[in-house]
Structure formats: C-alpha cells, structure tokens
Number of protein chains: 2
Amino acid sequence: MVLAKTTLFDSDLQEAAQLYKALGHPARLQILRYLADTKSCITGDISEELPLSRTTVNQHLTELKKAGLIQGHVNGKRTNYCLNPEKVKVLKKIYKSFIEEIEANNLEC
Amino acid sequence: MVLAKTTLFDSDLQEAAQLYKALGHPARLQILRYLADTKSCITGDISEELPLSRTTVNQHLTELKKAGLIQGHVNGKRTNYCLNPEKVKVLKKIYKSFIEEIEANNLEC
DNA sequence: AATATTTGACGTATATTTGCGTCAAATTAG
DNA sequence: CTAATTTGACGCAAATATACGTCAAATATT
C-alpha cells in the first residue's frame with residue numbers, strides 16, 4: 001500500500017465510505033439492532049448477546065463510536081452506549097443521494 | 001483472529017454487512033457513481049477517472065462484482081461493467097428494514 | 001502472420017481489521 | 001478500607017484489504 005490513498009478522493013465519498021464501512025461487519029449491525037430492539041441503551045453486557053468476547057465487542061463499540069453512530073456516556077461503573085440520531089440522519093441523507101444517483105438510470109449493456 | 005467468526009452471525013446480518021462492506025471504500029463508491037453519472041457501462045479506462053492504478057481499480061471492480069453490485073460482460077477485447085439493478089434492489093430492501101428498525105425508537109439515555 | 005491493446009491472474013509489500021487475553025484504573029458493594 | 005465488578009488500554013497473532021508491477025492470454029489492428 002505504501003500510502004493510504006483514501007485521502008485522494010472527494011471528501012463526501014470519504015465520509016460515505018467511512019459510514020458504510022462501519023456498517024460492514026455483522027457484529028456492529030447486531031449491536032445497532034440490539035440497541036433498537038431493546039429500545040434502550042447498552043450497559044456493558046452486550047458481549048453476551050454476541051458470539052464474541054467482551055474485548056472484541058468493546059472494540060466494535062469503539063469503532064461505532066469513532067464513526068459517530070453511537071455515543072458513550074459514563075454512568076458510574078457502567079458505560080451507556082446510545083444511538084446518535086444525528087449521525088443516523090447523516091447516513092440517511094448520504095444513502096438517499098447515493099441511491100437516487102444510482103436509480104436514476106436504467107442501464108443497458 | 002484464528003477463525004473467521006463472521007459466520008457465527010445471522011445470515012441476514014452477514015448479507016447486509018457484506019453489501020455495506022462493498023460500499024466501504026471511496027474508490028468503489030466513485031466507480032458506482034461514475035457508472036450512474038455517465039449513464040453507461042464501463043469499458044476499461046475507468047482507472048483514468050480514479051487516482052489509482054489500473055491494477056488496483058481492477059481489483060475494486062472485482063470486489064464489486066463479487067458483491068453482485070455490478071456485472072461484467074466481455075465484449076471482444078473490452079469488458080463492459082454494468083450496475084446490477086437486482087442487487088441494488090436487495091440493497092435498498094436491506095437498508096430500508098435496517099433504518100426502520102433503528103428509526104423506530106427515539107432512544108434517550 | 002506480426003504487432004499492439006486490453007484485461008485478468010499472479011505475486012508481493014504494507015496497512016488495516018479482527019479477535020482475544022491480560023492488566024490497570026475507576027467505581028461500587030460489603 | 002477491602003474486595004469485587006466494569007471498562008478501556010495495551011499488546012499480540014492471524015486474517016483481510018489495499019495498492020501496485022509484471023506477465024500472459026485473448027482480441028483487434030496492420
């Protein structure tokens with residue numbers, strides 16, 4: 001690779017790719033779904049919901065946080081992870097414009 | 001890693017993650033956008049549209065093909081890459097159910 | 001038939017992701 | 001205060017992704 005060429009692309013493409021990438025692992029999708037299903041924030045023991053160790057789950061949580069899709073609030077001994085509605089909005093917007101661009105054409109070969 | 005634990009997840013999560021993953025690189029997004037913008041199929045020289053070598057672009061094309069988002073048709077010396085509308089439909093469906101699940105709740109911490 | 005173009009296959013190097021165990025700091029409970 | 005719980009930081013190993021050069025097969029051109 002030598003150099004990370006990712007930065008050579010339009011910033012909107014970079015932002016979009018970063019978000020999709022965050023969604024690109026079943027564990028992270030399951031975490032998000034779990035958040036939605038239980039209608040609550042996460043307090044620690046999500047690792048028992050996943051077939052992965054606590055350490056690994058924590059890593060996925062960190063990545064979702066880095067992507068901005070969830071937020072962590074420390075609450076004493078526990079940490080509460082919650083969805084970030086603002087970032088979900090951004091995702092929706094990005095996806096919408098992407099799919100509209102794609103859908104606009106019925107390509108024939 | 002030792003073992004790929006990806007297979008331990010629900011197949012729908014796996015399928016979704018695989019699609020999002022394919023979208024998780026700016027080069028691949030740009031390729032898809034280029035396909036849409038030019039309202040045509042790709043015949044070879046997309047690498048000139050990207051800040052990457054032909055070899056690398058070809059690799060990204062292969063990945064998009066593997067994900068099913070595009071199809072390649074050999075046409076003599078050239079190869080035509082086209083969007084696969086069926087897979088785009090699948091993506092839309094997957095994304096829709098995902099975002100609806102997420103959106104259903106206004107989580108408060 | 002000989003040459004040029006186009007493409008994917010292959011190999012390689014580096015970067016990143018994935019997964020886990022261990023440990024230490026912070027916090028809570030007893 | 002001491003012991004237990006919870007979490008993130010750190011390090012490590014293996015797998016994947018990213019990027020590219022080179023080469024060979026297929027096709028088109030001359």
Side-chain angles (χ1 to χ4, degrees), chain A residues 1-9 13-14 17-32 40-67 69-82 109, chain B residues 1-9 13-14 17-32 40-67 69-82 109:
Chain A
M1 192 186 288
V2 181
L3 275 179
K5 301 254 174 159
T6 307
T7 53
L8 297 177
F9 293 89
L13 285 182
Q14 287 182 48
Q18 202 181 357
L19 271 179
Y20 293 134
K21 199 172 182 180
L23 301 179
H25 194 288
R28 294 193 284 272
L29 289 178
Q30 189 169 336
I31 289 170
L32 293 174
S40 72
C41 296
I42 289 175
T43 58
D45 53 350
I46 338 100
S47 63
E48 300 190 357
E49 298 284 330
L50 304 185
L52 298 172
S53 77
R54 188 193 63 75
T55 314
T56 305
V57 170
N58 203 357
Q59 228 164 348
H60 285 303
L61 285 171
T62 301
E63 260 186 275
L64 285 171
K65 203 163 62 178
K66 207 176 72 186
L69 285 167
I70 65 176
Q71 293 168 319
H73 301 284
V74 176
N75 185 355
K77 189 160 58 178
R78 302 287 184 86
T79 299
N80 280 17
Y81 282 109
C82 308
C109 300
Chain B
M1 193 187 289
V2 181
L3 276 179
K5 301 255 173 155
T6 308
T7 53
L8 298 177
F9 294 89
L13 285 182
Q14 286 183 48
Q18 201 182 358
L19 271 178
Y20 292 134
K21 199 170 182 179
L23 301 178
H25 194 287
R28 294 192 284 273
L29 289 179
Q30 188 168 339
I31 289 171
L32 293 173
S40 74
C41 297
I42 290 176
T43 57
D45 53 351
I46 338 102
S47 63
E48 299 190 357
E49 298 284 329
L50 305 185
L52 299 171
S53 77
R54 187 193 64 77
T55 314
T56 305
V57 170
N58 203 356
Q59 231 164 346
H60 285 302
L61 285 171
T62 302
E63 258 186 277
L64 285 171
K65 203 163 62 178
K66 208 177 71 186
L69 285 167
I70 65 175
Q71 292 169 318
H73 302 283
V74 176
N75 184 354
K77 189 162 56 176
R78 302 286 183 87
T79 299
N80 280 15
Y81 282 109
C82 308
C109 301

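As the structure is a computational prediction, the values presented were derived from the model and not from experiment. Chain identifiers are assigned alphabetically (A, B, ...) following the order of the sequence lines, protein sequences preceding nucleic acid strands; residue numbering begins at 1 within each chain.
Atoms NZ (A:Lys66) and P (D:dG8) sit 15 Å apart, rounded to a whole Å. Across the protein-nucleic acid pair, B:Leu64 atom CG and C:dG8 atom C1' stand 16 Å apart, rounded to whole Å. For the pair A:Gln18 CD and D:dA17 C1', the computed distance is 16 Å after rounding to whole Å. Protein atom CG of B:Leu8 is 9 Å distant from nucleotide atom P of C:dC20, rounded to whole Å. Computed from coordinates, the B:Leu52 CG to C:dT14 C1' distance equals 15 Å when rounded to whole Å. Distance CZ (B:Phe9) to P (C:dT18): 11 Å, rounded to an integer number of Å. Residue A:Leu61 contributes atom CG, which lies 15 Å from atom C1' of D:dA9 at whole-angstrom precision. Summarising the geometry, the separation between NZ on A:Lys65 and C1' on D:dT7 is reported as 10 Å, rounded to the nearest angstrom.
For A:His25 and C:dG19, the shortest distance from a side-chain N or O to OP1 or OP2 is below 4.0 Å. Taking side-chain N and O atoms only, B:Asn58 has a distance below 4.0 Å to OP1 or OP2 of C:dG8. Between A:Ser53 and C:dC20, a side-chain N or O to OP1/OP2 separation shorter than 4.0 Å is present. Neither OP1 nor OP2 of C:dT7 sits under 4.0 Å from any side-chain N or O of B:Thr79. Note on B:His60: every side-chain N or O is 4.0 Å or more away from OP1 and OP2 of D:dA17. Residue A:Tyr81 has a polar side-chain atom (N or O) positioned under 4.0 Å from OP1 or OP2 of D:dG8.
Here the closest non-hydrogen pair linking A:Gly24 and B:Lys21 is O-CD, 3.7 Å. For the pair A:Ala22 and A:Leu69, the tightest heavy-atom approach, listed with the atom from each and the gap, is CB-CD1, 4.1 Å. In plain terms, the two heavy atoms of A:Ala27 and A:Leu52 that are nearest each other are CB-CD1, 3.8 Å. Scanning both residues, B:Ile70 and B:Tyr81, for their nearest heavy atoms gives CD1-CD2, 3.8 Å. When all heavy atoms of A:Pro51 and B:Phe9 are compared, the pair lying nearest together is CD-CE2, 3.7 Å.
Within 4.0 Å (heavy atoms only), B:Glu63 reaches sugar-phosphate atoms of the nucleic acid but no base atom.
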Go along nucleotides 22-30 of chain C 5' to 3' and tag each nucleotide: B for a protein heavy atom under 4.0 Å from its base, S when only backbone or sugar atoms are that close, - otherwise. B----BS--
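Considering only residues two or more places apart in sequence or on other chains, B:Gln30 meets the side-chain hydrogen bond (donor to acceptor under 3.5 Å, both in side chains) condition with none of them.
Along DNA chain D, the nucleotide closest to A:Thr62 and the one closest to A:Lys21 are compared, and the more 5′ of them pairs with A:Thr62. Comparing A:Gln59 and B:Gln59 by the nucleotide of DNA chain C whose heavy atom lies nearest to each, the residue mapping closer to the 5' end is B:Gln59.
Two residues are said to be in side-chain contact when any heavy atoms from C-beta on lie closer than 4.5 Å; A:His60 and A:Ile31 meet this criterion.
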